[in-house]
Amino acid sequence: MLDNLNTRDGSGDAGRERPRRASEQQQPLVDREVPLGGTATSEMINRWLDGEGPEPVGMNADTARQVDLWRRIEEESERRRRMVTPAHVKAQIMAALPTELPQMALPWWKKSIQVSPVVALAAAAGLVALGAAIGTSLRIR
Amino acid sequence: MKTTVPASPTDQLEADQDIISRVLQGNRDAFSVLITRYSDPLYRHALGMTGSPDVAEDILQMSFIKAYQHLAEVRGRFDAWVFRIVANGCKDWLKNIRRTHLSYDEDDQPSGYSTPDEELDRTELRSDLDKALLTLAPSLREAFVMKHVEGRSYEEMADLLGTTVGALKMRVHRAREALQALLEEKYA
């Protein structure tokens, strides 16, 4: 018999299930830490769908049904793969493009900056204060 | 105006760089070549991720406008760069919106099915698949859409997403596992 080593809930009670938090219940199915149970897609089907193996044949009824399901999903995927952008969208994008041309990327030291007089005065005052503070500290030493 | 996709990746890179140079020199209309060349796979990605044609169109439009504004910053492949803009747009949309039901309402694509029963069955599967896809975490949904809907190879996906083939296989397998769990009771 295996010991229950999961004591994260603090109960230490192997027979009692920890109540699930609301946040856990709202998580998407596949984001949960526990593995999905019951209907694991077989390695054979994954290899077939990945184009790395042949379509599974001569298998049990469960696998045959899974193969049939994936064949239907593939038909639907194939239909979606043929979808094209609606014709009006391309013209719509061109019409929505800004009239000004895209700017060439300049390195930061070549870019111009705009500073208002208030900001410039505040920066100057800050620098004077900093200089005075450094000067004072040097004189004290 | 040349709109076909060049043969090799190197040709493609050079052809795209040429168009980008033309746009930056003032030929705004040359940008339409890039839109024509890459909009279809990007639209399919946005549609697969959001499940809504209207949202997919909006994301595509915003992404191309952003790409135009920052065109001078393109380094390397334009298609990979603009894909990242679209992919981020989709993820932002998924983060910001909570929707209870989404489906592919437009049905003007040729179906290839002949009988009404088959058509009904197909429409139902389509709707159920959309609902099931919406339950997946964005990273799994993205991997599934790129693999199955866009038909990309794992190597191409790894290149575009900046991750490993092994990690992407894991995401696709987990997405399949989750989708199968949700759909097999009804369809298998």
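Chain identifiers are assigned alphabetically (A, B, ...) following the order of the sequence lines, protein sequences preceding nucleic acid strands; residue numbering begins at 1 within each chain.
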Worksheet item: Do A:Leu130 and A:Leu138 belong together in a cluster built from hydrophobic side chains that touch within less than 4.5 Å?
Response: yes

Worksheet entry | Between B:Met62, B:Glu150, B:Gln25, B:His70, the one whose heavy-atom pairs under 4.5 Å with chain A are most numerous | B:Glu150

Fill in: Heavy-atom side-chain proximity of B:His148 to A:Arg80 below 4.5 angstrom
no

Item to complete: Measure the CG-CD distance between A:Asp68 and B:Glu184 for me, rounded to the nearest 0.5 Å.
Response: 12.0 Å

Discussion item. Please classify the contact of B:Val23 with chain A as side chain, backbone, both or neither, using a heavy-atom distance under 4.5 Å.
Written reply: both

Fill in: Within-4.5 Å side-chain heavy-atom neighbours: B:Arg176 and A:Trp70
yes

Discussion item. With heavy-atom distances below 4.5 Å as the criterion, would you say the side chains of B:Phe31 and A:Leu97 are in contact?
Written reply: yes

Worksheet item: Do the side chains of A:Met94 and B:Ile35 get nearer than 4.5 Å, heavy atoms only?
Response: yes

Worksheet, complete the sentence: Rounded to the nearest 0.5 Å, the OG atom of B:Ser153 sits from the CG atom of A:Asp50 at a distance of 11.0 Å

Discussion item. Between A:Ser77 and B:Val149 (side chain of the first, backbone of the second, donor and acceptor by atom type, cut-off under 3.5 Å), is there such a pair?
Written reply: no

Worksheet item: Checking heavy atoms, do the side chain of A:Glu100, its backbone, both or neither come under 4.5 Å from chain B?
Response: backbone

Worksheet item: Should B:Asp40 and A:Arg81 be marked as a salt bridge (charged side-chain N to carboxylate O under 4.0 Å, His left out) after you check the CA-CA gap, both sets of side-chain angles, and the distance that decides it?
Response: CA-CA 9 Å; B:Asp40 287 348; A:Arg81 215 172 293 156; over 6 Å; no

Response to the item:
Heavy atoms of A:Pro86 and B:Tyr43 approach each other most closely as CD-CZ, 3.5 Å

Practice prompt. Mind checking the OG-CD1 spacing from B:Ser39 to A:Ile93? Nearest 0.5 Å is all I need.
Written response: 6.5 Å

Worksheet item: Are B:Lys169 and A:Glu52 ion-paired here, with the side-chain N under 4.0 Å from a carboxylate O?
Response: yes

Item to complete: Give a yes or no on this: more than 12 heavy atoms of other residues, nucleotides or ligands lie within 6.0 Å of atom NZ of B:Lys66.
Response: no

Worksheet item: Atom CD1 of A:Ile73 and atom CD of B:Gln180: how far apart are they, to the nearest 0.5 Å?
Response: 7.5 Å

Worksheet entry | Co-membership, hydrophobic cluster, residues B:Val165 and B:Val172, 4.5 Å side-chain | yes

Worksheet item: How far does CD of A:Gln92 sit from CG of B:Leu60, to the nearest 0.5 angstrom?
Response: 10.0 Å

Worksheet item: Under 3.5 Å, side chain of B:Arg28 to main-chain N/O of A:Leu101, donor-acceptor pair present?
Response: no

Item to complete: Could you verify whether a donor N or O on one side chain and an acceptor N or O on the other, from B:Glu57 and A:His88, lie under 3.5 Å apart?
Response: yes

Worksheet item: How many angstroms lie between CZ in A:Arg47 and NE2 in B:His173, if you round to the nearest 0.5 Å?
Response: 10.5 Å

